[in-house]
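Just below is one structure, and these are the notes that go with it.
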Amino acid sequence: MDDKTPASDDLGATEREIITTRLEKAEALRALGVNPFGNGVTPRHLAADLHARYGDAPVEEIGRAPGAWSVAGRVLALRSFGKAAFLKVRDRSGELQVWVKKDKVGEKGFEIFKLLDVGDLVAAEGPATRTRTGELTLEAAHFTILTKATRPLPEKWHGLTDVEQRYRQRYVDLVVTPGVREVFVKRARMVSGIRRFLDARGYLEVETPTLHKAEEAGGATARPFETHHNALGLDLKLRIATELHLKRLIVGGFDRVYEIGRIWRNEGIDRRHNPEFTSIEFYQAYATHDDLMQLTEELCRGLAVEVTGGQVITFQGQDIDFTPPFPRVSMLGEAARALGLTADQALSGRGLAEALARAAGGLSDKAEAWKLAQAGGKTPGEAVAVAFEVLCEPKLPVDRPVFVVDFPLETSPLSRRRDADPRLVDRFELFAAGMELANAFSELNDPADQRARFEAQVKAKVAGDEEAMPFDEDYVRALEHGMPPTAGEGIGIDRLAMLLTDSPSIRDVILFPLLKPRE
RNA sequence: GAGGCGCUAGCUCAAUGGUAGAGCAUUGGCCUUUUAAGCCAGUGGCUGUGGGUUCAAGUCCCACGCGCCUCACCA
């Protein structure tokens with residue numbers, strides 16, 4: 001095979017033939033004076049412009065004002081009849097049928113057309129009409145090929161069904177798989193909706209470092225990626241959260257800040273986890289976690305309406321009603337109840353180990369039972385969190401988003417203690433469809449308390465907890481300068497996008513999800 | 001990290017352990033109102049990779065690779 005064919009050794013004969021033929025057509029186009037990879041052609045219209053102009057107008061009405069339209073896009077289907085053909089052309093706005101006829105486009109235009117393959121990018125100009133089958137159509141007076149596609153698209157009817165290939169070759173997936181493009185359009189609309197929502201409330205969008213020194217890589221419980229700066233000879237970690245820097249900015253006087261950005265966690269991959277994902281964190285001074293609950297309800301309802309058109313969305317067959325207020329479920333209360341204890345007994349640890357063992361004995365799932373029994377050796381707060389996760393989380397309502405409230409102190413190293421009960425913190429998590437979507441709390445701004453919490457984290461790390469936070473001395477120093485009473489929240493953008501686009505896997509809402517290299 | 005399932009033509013899929021097939025695409029021919037266009041005739045394969053069992057392996061066994069699902073970890 002000649003040296004113009006890409007990676008010839010890897011090609012089967014069929015594919016080689018297709019590519020070779022298309023490259024020959026590209027040469028033939030050059031012979032006709034058409035650059036098969038030219039540029040400088042700007043269409044004056046979009047497919048949607050014609051649909052908007054004519055709507056359902058009958059052919060006679062279109063004929064009275066057929067216009068002079070100019071569009072460009074990718075050919076998705078080609079039905080040819082010798083001296084005429086119908087093309088399905090798609091641009092960023094939608095699809096439009098283009099009718100190429102020899103007597104309209106002329107000898108040369110038709111010579112160009114004969115070198116067309118499905119997948120090529122073309123430009124067409126001419127009046128609008130409606131064909132006998134009723135489809136709005138651009139009847140080409142001028143036709144040319146702008147870009148020769150040298151590889152074929154997948155089969156027109158079934159498209160690409162191999163999910164691995166869809167993720168690895170997203171450019172093909174976007175062209176041929178119905179709905180994929182819409183998912184990412186919706187995701188973009190969702191993100192811009194969040195920006196508008198917060199901007200309208202006086203928030204400032206900021207950007208904080210993604211390269212963290214070892215002591216900065218906290219703000220969440222997760223294992224970071226490690227990297228290295230050559231010139232500084234400095235080991236660095238990729239951020240696992242934006243939290244600590246954003247709160248430094250609250251100290252600095254930006255009373256309302258948010259950051260939408262990529263974070264990285266060096267952990268497993270599954271339907272709900274990608275190693276890099278996008279979070280939004282926002283912090284509001286002079287607010288409490290109660291204020292943020294209301295804000296979250298308004299935000300989620302608004303996004304549901306904006307992206308799906310209604311307050312009741314459907315996720316994998318399950319209706320979820322985003323009409324506020326969302327139900328509140330007490331982590332402490334429900335966990336204690338499931339254990340047959342009072343809240344005070346659970347928090348003080350009285351009879352807790354026995355209750356955990358009893359509950360574990362009643363479980364058929366051995367892994368879950370083990371997890372529960374192990375919790376007996378932890379602090380009461382940690383045990384309550386485990387008991388809730390094992391015994392209560394599966395029973396959360398499925399037809400509403402749910403706020404889980406009343407978190408124990410021990411699992412919340414950055415949260416402010418509750419005034420009424422310092423064993424608890426003013427924190428909530430938002431759950432929907434079995435996923436944690438958001439996590440928020442009134443922020444701890446007492447530097448001495450924060451110092452103690454960090455010390456506890458360091459102790460846990462020494463004891464083998466790989467996800468415990470490092471001691472961020474500079475963050476404590478910032479608090480010593482005085483952080484106003486503040487509430488903050490983080491939302492998983494990807495998971496919210498899954499929900500609002502009814503996508504079962506996080507890979508369906510990430511354009512290029514991480515996959516192992518082939519071979 | 002563990003278990004289950006999958007991997008055959010460019011794409012979508014077939015094939016009791018016995019000569020690897022079809023549709024679409026592609027190539028050639030016919031066709032100026034089609035909607036997965038149609039008709040005729042062709043081309044196209046190291047069956048994910050490497051071992052093994054067998055007279056014979058796409059098929060059975062082992063290992064590996066990649067993916068998906070479930071679980072663990074996690075948001």
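Proteins come first, then strands; the chains are lettered A, B, ... in the order of their sequence lines, and each starts at number 1.
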Query raised in the report: Got a sec, which residues hit ring pair (Phe, Tyr, Trp, His ring centres under 6.0 Å) with A:F428, two or more places apart in sequence or on another chain?
Result: A:F403

**Report entry** d(CZ, A:R272; C1', B:rA72) in whole Å
**Finding:** 13 Å

Query raised in the report: Taking the C1' atom of each, how far is B:rU70 from B:rU12, in whole Å?
Result: 27 Å

Query raised in the report: Testing A:V71, A:L121, A:L76 for side chain to side chain contact (heavy atoms under 4.5 Å, CB included) with A:R90, which one passes?
Result: A:L76

Query raised in the report: Base, sugar-phosphate, or nothing: which does A:Q97 touch, judged by heavy atoms less than 4.0 Å apart?
Result: base

Report task. Provide the Watson-Crick or G-U wobble partner of B:rG3, both distances under 3.5 Å; none if there is no partner. Result -> B:rC69

Report summary line: Of the listed B:rU32, B:rU33, B:rC68, the closest approach to the A:K102 side chain comes from B:rU32

Query raised in the report: Do A:L303 and A:F197 have side chains that get closer than 4.5 Å, going by heavy atoms?
Result: no

Requested in this report: Kindly write out the residues that satisfy ring pair (Phe, Tyr, Trp, His ring centres under 6.0 Å) with A:W69, not counting sequence neighbours, or none if the list is empty.
Outcome: A:H45, A:Y54

Requested in this report: Would you indicate what A:A222 reaches in the nucleic acid, counting non-hydrogen atoms under 4.0 angstrom: base, sugar-phosphate, or nothing?
Outcome: nothing

Query raised in the report: Does B:rA14 have a Watson-Crick or wobble partner in any strand here, with both distances under 3.5 angstrom, and which is it?
Result: none

Query - Euclidean distance for P, B:rC31 against B:rC7 (whole angstrom) - result: 44 Å

Report task. Assign A:E368 to base, sugar-phosphate, or nothing according to its heavy-atom contacts below 4.0 angstrom with the strands shown. Result -> sugar-phosphate

Report task. Would you indicate what A:E467 reaches in the nucleic acid, counting non-hydrogen atoms under 4.0 angstrom: base, sugar-phosphate, or nothing? Result -> sugar-phosphate

Query raised in the report: Considering only the P atoms, how many Å lie between B:rC73 and B:rC61, rounded to the nearest integer?
Result: 33 Å

Query raised in the report: The side chain of A:R132 lies closest to which of these nucleotides: B:rC11, B:rC68, B:rU33?
Result: B:rU33

Report task. Provide, to the nearest angstrom, the distance between the CD atom belonging to A:Q165 and the P atom belonging to B:rG67. Result -> 13 Å

Report summary line: Sorted by position of nearest nucleotide on RNA chain B, 5' first, the leading residue of A:A84 and A:H158 is A:H158

Requested in this report: May I ask you to say what A:D103 touches in the nucleic acid, namely base, sugar-phosphate or nothing, with a heavy-atom cut-off under 4.0 Å?
Outcome: base

Query raised in the report: So, do A:L50 and A:L136 sit near enough that their side-chain heavy atoms are less than 4.5 Å apart?
Result: yes

**Report entry** Between B:rG67 (P) and A:Q169 (CD): distance, integer Å
**Finding:** 14 Å

Query raised in the report: Just checking A:L515: base, sugar-phosphate only, or nothing, at a heavy-atom cut-off of under 4.0 Å?
Result: sugar-phosphate

Requested in this report: Flag the pair A:R239 / A:W264 as yes when at least one side-chain heavy-atom distance between them is below 4.5 Å, and no otherwise.
Outcome: yes

**Report entry** Complementary nucleotide for B:rG38 - Watson-Crick or wobble, under 3.5 Å
**Finding:** B:rC30

Report task. Determine the interatomic distance between P on B:rU43 and the same-named atom on B:rG52; round to the nearest Å. Result -> 35 Å

Query raised in the report: When we call it a touch if two heavy atoms are under 4.0 Å apart, what does A:D494 touch: a base, just sugar-phosphate, or nothing?
Result: nothing

Requested in this report: Tell me what A:G490 touches on the nucleic acid: a base, only sugar-phosphate, or nothing, going by heavy atoms under 4.0 Å.
Outcome: nothing

Query raised in the report: B:rA75 base stacked by A:F277? Criteria: ring centres under 5.5 Å, plane angle under 30°.
Result: yes

Query raised in the report: Heavy atoms under 4.0 Å, any strand shown: does A:R166 hit a base, just sugar-phosphate, or nothing?
Result: nothing

Report task. Would you mind reading off the distance between A:R507 atom CZ and B:rA75 atom P, rounded to a whole angstrom? Result -> 18 Å

Query raised in the report: Mind checking the C1' distance from B:rC55 to B:rA14? Whole angstroms is fine.
Result: 27 Å

Requested in this report: Could you check whether A:G268 gets within reach of a base, just the sugar-phosphate, or nothing at all, counting any heavy atom under 4.0 Å?
Outcome: base

Query raised in the report: Considering every strand shown, what is the Watson-Crick or G-U wobble mate of B:rA25 when both distances are under 3.5 Å?
Result: none

Query raised in the report: What does A:N274 touch in the nucleic acid at a heavy-atom separation under 4.0 angstrom: a base, only the sugar-phosphate, or nothing?
Result: base

Query raised in the report: Do A:Q374 and A:V386 have side-chain heavy atoms sitting under 4.5 Å apart?
Result: no

Query raised in the report: Considering only B:rG67, B:rU12, B:rA75, which nucleotide approaches the side chain of A:E436 most closely?
Result: B:rA75

**Report entry** Test salt bridge (Lys or Arg N to Asp or Glu O under 4.0 Å) applied to A:R22 - qualifying residues, sequence neighbours left out
**Finding:** A:D117

Query raised in the report: If you measure from the C1' atom in B:rU47 to the same atom in B:rA9, how many Å do you get, rounded?
Result: 10 Å

Query raised in the report: Do the charged groups of A:K371 and A:E389 touch, with an N to O distance under 4.0 Å?
Result: yes

Requested in this report: Would you mind classifying the nucleic acid contact of A:L160 as base, sugar-phosphate or nothing, using non-hydrogen atoms under 4.0 angstrom?
Outcome: sugar-phosphate

Query raised in the report: Across the strands shown, which category fits A:K371 at heavy-atom distances under 4.0 angstrom: base, sugar-phosphate, nothing?
Result: sugar-phosphate

Report task. For B:rA22 versus B:rU8, give the span between their C1' atoms, rounded off to a whole number of Å. Result -> 13 Å

Requested in this report: List in chain and number order the residues that pass salt bridge (Lys or Arg N to Asp or Glu O under 4.0 Å) with A:K101, two or more places apart in sequence or in another chain; answer none if no residue qualifies.
Outcome: A:E139

Query raised in the report: Counting any heavy atom closer than 4.0 Å, what does A:K101 reach on the DNA or RNA strands: base, sugar-phosphate only, or nothing?
Result: base

Requested in this report: May I ask you to verify if any side-chain N or O of A:T221 is less than 4.0 angstrom from the OP1 or OP2 atom of B:rA75?
Outcome: yes

Are there any protein N/O atoms within less than 3.5 Å of an N/O atom in nucleotides 25-31 of chain B, and if so, which ones and at what distance?
| residue | atom | partner | partner atom | Å |
| --- | --- | --- | --- | --- |
| B:rA25 | OP1 | A:K156 | NZ | 2.9 |
| B:rU26 | O2' | A:E17 | OE2 | 3.3 |
| B:rU27 | OP1 | A:K25 | NZ | 3.1 |
| B:rU27 | O4' | A:E17 | OE2 | 3.2 |

Requested in this report: Please report, rounded to the nearest Å, how far the P atom of B:rA75 is from the CD atom of A:E243.
Outcome: 12 Å

**Report entry** hbond_proxy A:D270 side chain to B:rC73 base (donor-acceptor, 3.5 Å cutoff)
**Finding:** yes

Query raised in the report: Quick one: which of B:rU33, B:rC68, B:rC66 gets closest to the side chain of A:W99?
Result: B:rU33

**Report entry** Nucleotide B:rC68, atom C1' - distance to CG of A:L514 in whole Å
**Finding:** 16 Å

Query raised in the report: With rounding to whole Å, what would you report as the distance between B:rG10 and B:rC68 at their P atoms?
Result: 23 Å

Report summary line: For A:L444, the side-chain contact (heavy atoms from CB on, under 4.5 Å) test, sequence neighbours excluded, returns A:D446, A:D449, A:Q450, A:R453

Query raised in the report: So, does the side chain of A:R79 form a donor-acceptor pair with the base of B:rU34 at under 3.5 Å?
Result: yes

Query raised in the report: CZ of A:F113 versus C1' of B:rU34: gap in Å, rounded?
Result: 12 Å

Query - Whole-Å distance separating the CD atom of A:E15 from the P atom of B:rC46 - result: 12 Å

Report summary line: Comparing nearest nucleotides in RNA chain B, the 5'-proximal residue of the pair A:S505, A:P275 is A:S505

